Every structure is written in C-alpha cells, then in structure tokens.
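Bear in mind that the values here come from a model prediction, so they are computed numbers and not experimental data. We name chains A, B, ... by the order of the sequence lines, and we start the count at 1 in each one.
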Protein chains: 2
Amino acid sequence: MNPTEEKILDAAEEIFMKKGYDGSRMQAIADLAGINKAMLHYYFRSKDKLFERIFETKFQGFFPTVETLINNENNFTDKVCTFAEQYTRFLIKNPYLPHFILNTIQKNPEFAKKLPHHIPQMLIMSYMEDCQNGLCKVMNPAQLFISIFGMCIAPFMGKPLFVSLLGANDEDFNELVEMRAVDIEEQIRAILKP
Amino acid sequence: MNPTEEKILDAAEEIFMKKGYDGSRMQAIADLAGINKAMLHYYFRSKDKLFERIFETKFQGFFPTVETLINNENNFTDKVCTFAEQYTRFLIKNPYLPHFILNTIQKNPEFAKKLPHHIPQMLIMSYMEDCQNGLCKVMNPAQLFISIFGMCIAPFMGKPLFVSLLGANDEDFNELVEMRAVDIEEQIRAILKP
DNA sequence: GTCTATATCTGGATAGAC
DNA sequence: GTCTATCCAGATATAGAC
C-alpha cells in the first residue's frame with residue numbers, strides 16, 4: 001500500500017479512536033500524519049469515508065476470533081475463561097477500543113449491522129451441553145454473557161474513575177489490569193459452578 | 001425556577017445525554033426547547049457552561065447514594081446485592097447515563113475530579129471485615145468492584161449489540177434487563193461465596 | 001501525488017430592536 | 001425576557017498550480 005495512505009490510516013486511527021467521529025478534526029489527522037489536509041480528501045474523499053474505513057477494521061477486532069473459542073477443545077467453562085484472559089490481554093493493547101466501538105454504535109446503531117451472530121450461537125450451544133451434563137449452573141445464557149462482557153470491558157470503560165478512586169497512576173492501573181487477566185478466571189468459574 | 005430556563009435544561013439534558021458534547025448542537029437544543037438559540041446564551045452564556053451544568057447534575061446521579069448502602073445494615077454481600085439490584089433499576093430509567101458519564105470523563109478526565117471517594121473506602125472496610133469473619137472469599141477488592149461495576153453497566157453500554165445478537169427488539173431488551181435486576185444477585189453471591 | 005489557496009458551509013456567539 | 005439578523009471562527013471540501 002502507498003506509504004502516504006498508510007500514514008493517513010495510522011493517524012486517523014489514533015485520532016478517531018481517542019476523540020470519536022464528532023471530536024476529530026481532519027486537520028489533526030493531517031498534522032499527525034505529517035501531510036496536508038488536501039491529501040486526506042485525495043485518498044479517502046471525505047471524513048465519513050475515512051471514518052468508516054477505520055471503523056470497519058476496528059469493529060472486526062473488537063470481536064474475538066472464533067479460533068480462540070473453537071481451538072480450545074475443553075468444556076464451556078474452560079473456553080470462556082481462556083477467552084476472558086486472552087481478551088483482557090488484547091484490550092490492554094487496545095484500551096480505547098471498547099469506548100470507540102460502543103460509542104459509535106450507540107450513536108449510530110446501523111454500524112452494528114455486520115455482527116458475527118455465529119459466535120454467540122456457538123457459545124450458547126456449548127453452554128447448554130455442559131448444563132445438561134451438570135457441569136454448569138443453569139441460568140439465562142444472555143445474563144451470563146452480558147456479565148462476562150461487562151467484566152472484560154469494565155476496567156477500560158471506567159479507567160479514569162478507577163484511577164481516581166484508587167488514587168493510582170497509570171502504572172498502577174496497568175498492573176491492576178495485568179493481574180485482572182488472571183483473576184477474572186476465578187470469578188467466572190464461581191459464577192458457572194453448579 | 002424560570003420556566004424557560006427549565007425547558008432549556010430539559011432539552012439540553014436530552015440532547016447532551018444522547019449525543020455527547022461534540023455531537024450536540026445549540027440549535028438542536030433550542031428547537032427541542034421550543035425557543036430561540038439566543039436564549040440559550042442569555043441564560044447560560046455558552047455551550048460549555050450549559051454542558052457543565054448538565055454534567056454536574058447527572059454525574060452525582062451516576063454514583064449511588066450512600067444511603068442505599070448504609071441504611072442496609074446487613075453484611076457486605078447483602079449490601080452489594082441490594083445495591084446491584086437498585087442500581088440496575090435506576091439505570092433502566094437512565095439508560096444513556098453510563099455512556100454519557102464515562103465518555104465525557106474519558107475525553108476529559110478533569111471531569112472526574114469530584115468523585116465520592118468515601119463510598120469505595122466504606123465498601124472496602126465492610127468487605128474486609130466480612131472477609132475476616134469468613135463470610136466472603138478473599139480477593140483483591142478492586143477486582144471485585146470492577147466486576148460488579150461492569151456487570152451493572154454492561155447491558156446499557158452494549159444494548160445495540162445485544163439487541164442485534166439476540167435478534168431482539170426494544171421490548172425484549174427491557175424485559176431482559178428487568179430480569180437482570182433480579183438475576184444479578186445470584187451471580188454476585190457466587191463470586192463472593194467463600 | 002503533493003502542495004497552497006480558496007470556496008462553502010456550519011455552528012457558537014453577539015448586537016440591537018421590541 | 002424574547003426575538004431577528006448578523007458576525008466570525010473553524011471545519012470540510014475543492015480548484016488549480018507544480
């Protein structure tokens with residue numbers, strides 16, 4: 001790919017992720033990319049188009065790859081615990097992702113169209129199976145998934161709150177989230193224990 | 001209070017809550033209030049000032065009143081379960097609140113200044129006490145609070161996702177969250193069980 | 001393909017009549 | 001206190017030279 005195009009995409013990603021669509025300025029993206037504003041339009045025509053390009057890419061990354069869940073041939077509880085740990089580690093590297101995705105979708109629900117519906121389907125089946133074998137507590141799977149989703153994104157959604165409430169700095173917080181990647185397993189197992 | 005002022009505040013609340021600061025237009029607020037743009041400036045001087053006014057009010061509501069937790073003289077687990085249920089019911093009536101608050105703070109961390117630090121302090125002490133009496137599982141209280149926080153806000157942060165993934169409509173979703181106000185207790189108890 | 005200059009429009013804010 | 005008309009900064013987008 002054209003190196004200029006790539007610089008633009010990198011810059012756009014950083015700005016859009018941090019500030020959202022409304023809060024981002026084409027000038028800021030151009031500055032960060034070290035090129036001129038006109039080039040943005042030359043390569044991507046409009047702010048809308050550029051944003052969509054970034055969103056598409058990031059949106060896919062927001063959902064865990066199916067491999068994570070399938071390649072792990074254990075029972076449902078193991079699957080979910082592995083997922084939660086890996087997903088937390090993934091979000092540590094992409095801390096702005098939950099805010100960016102959820103906020104964009106909330107203001108613009110049509111962005112949620114291309115969702116990977118097969119993932120929850122698959123998980124529900126796996127859960128049901130283990131339930132019938134007495135390996136999991138019986139509950140509404142939707143409530144379960146919402147909780148796990150919340151437990152995974154919470155530290156990144158509320159980071160400024162936690163940092164302030166705990167009187168912590170960025171380093172402390174990173175340490176806390178690193179530990180969380182491990183600690184979260186025990187909490188999920190507790191919820192799922194029959 | 002002046003009825004015009006009140007109309008403005010109501011309109012501003014609705015627009016700001018849904019669209020955030022950057023996405024909101026003074027014109028939209030004026031239209032919704034059924035008055036002229038100039039009046040907004042007459043009463044609140046600037047968009048910034050008007051926004052801060054709304055944020056201050058909503059920010060306080062985002063944190064549970066201490067009474068909820070203190071008046072309930074039971075053990076820590078009961079306290080937290082009662083809180084989670086009541087807080088979920090509160091958020092059902094204020095579904096945009098988590099997005100609005102967390103997004104504003106993320107883009108503008110100084111808004112997180114006036115946090116009620118005594119609430120977590122109090123909760124931690126209550127948790128520690130019950131731990132020593134063998135009533136709660138021992139864990140990092142920060143991890144516990146992050147999880148409960150996440151479990152409470154998750155449905156409202158991810159509503160468009162869940163609606164789409166579950167093939168649900170708004171009514172189904174409301175029903176799901178109503179049930180959640182009850183179901184969440186069992187999950188929290190499981191996590192806290194020694 | 002990259003730049004400068006400029007067109008065009010939008011949105012926050014103000015002036016001034018009533 | 002409420003309105004209309006207007007100003008002006010800032011943002012997207014385009015024209016056109018190189």
**Item:** Nucleotide C/dA15, atom P - distance to CE of B/M39 in whole Å
**Value:** 15 Å
**Prompt:** Taking OP1 and OP2 of D/dT14, is either one under 4.0 Å from a side-chain nitrogen or oxygen of A/H41?
**Reply:** no
**Asked** Is there a side-chain polar atom (N or O) of A/Y42 under 4.0 Å from OP1 or OP2 of D/dA13?
**Response** no
**Message:** Quiz question: by atom type and distance under 3.5 Å, do the side chains of A/Q27 and A/D31 form a donor-acceptor pair?
**Reply:** yes
**Request:** Apply side chain to side chain contact (heavy atoms under 4.5 Å, CB included) to the pair A/L144 and A/F76, showing each step before the final yes or no.
**Result:** CA-CA 12 Å; A/L144 172 66; A/F76 176 76; 3.8 Å; yes
**Fill in**
Ranking A/R25 and A/R45 by the position along DNA chain D of their nearest nucleotide, the one closer to 5' is A/R25
**Prompt:** Want to settle it: does B/A38 or B/N2 sit nearer the 5' end of DNA chain D, counting the closest nucleotide to each?
**Reply:** B/N2
**Request:** Please report, rounded to the nearest Å, how far the P atom of D/dT12 is from the CG atom of B/D22.
**Result:** 12 Å
**Message:** Is it the case that the ring center of A/Y127 lies less than 6.0 angstrom away from the ring center of A/F145?
**Reply:** no
**Prompt:** Whole Å only: how far is the CZ atom of B/F51 from the C1' atom of C/dG12?
**Reply:** 16 Å
**Request:** Whole angstrom is fine here: how far is it from CG in B/L40 over to C1' in D/dC3?
**Result:** 13 Å
**Asked** Over how many whole Å does the gap from B/K37 atom NZ to C/dA15 atom P extend?
**Response** 15 Å
**Prompt:** Are the aromatic ring centres of B/F111 and B/F59 under 6.0 angstrom apart?
**Reply:** no
**Asked** Does the C/dG11 base have a donor-acceptor partner in the side chain of B/K47 within less than 3.5 Å?
**Response** no
**Message:** With a cut-off of less than 4.0 Å, is there a side-chain N or O of A/T4 near OP1 or OP2 of C/dG1?
**Reply:** no
**Message:** At 4.0 Å (heavy atoms only), tell me whether A/Y43 reaches a base, stays on the sugar-phosphate, or touches nothing.
**Reply:** sugar-phosphate
**Prompt:** Which class fits the ring pair A/F51 and A/Y21: parallel under 30°, tilted 30 to 60°, perpendicular over 60°?
**Reply:** perpendicular
**Asked** Starting at CG of A/D31 and ending at P of C/dC3, how long is that distance when rounded to a whole Å?
**Response** 12 Å
**Rounded distance (Å) that lies between atom P of C/dG11 and atom CG of B/L50** = 17 Å
**Complete:** When rounded to whole Å, the CG to C1' distance for the pair B/D48 and C/dG11 reads 13 Å
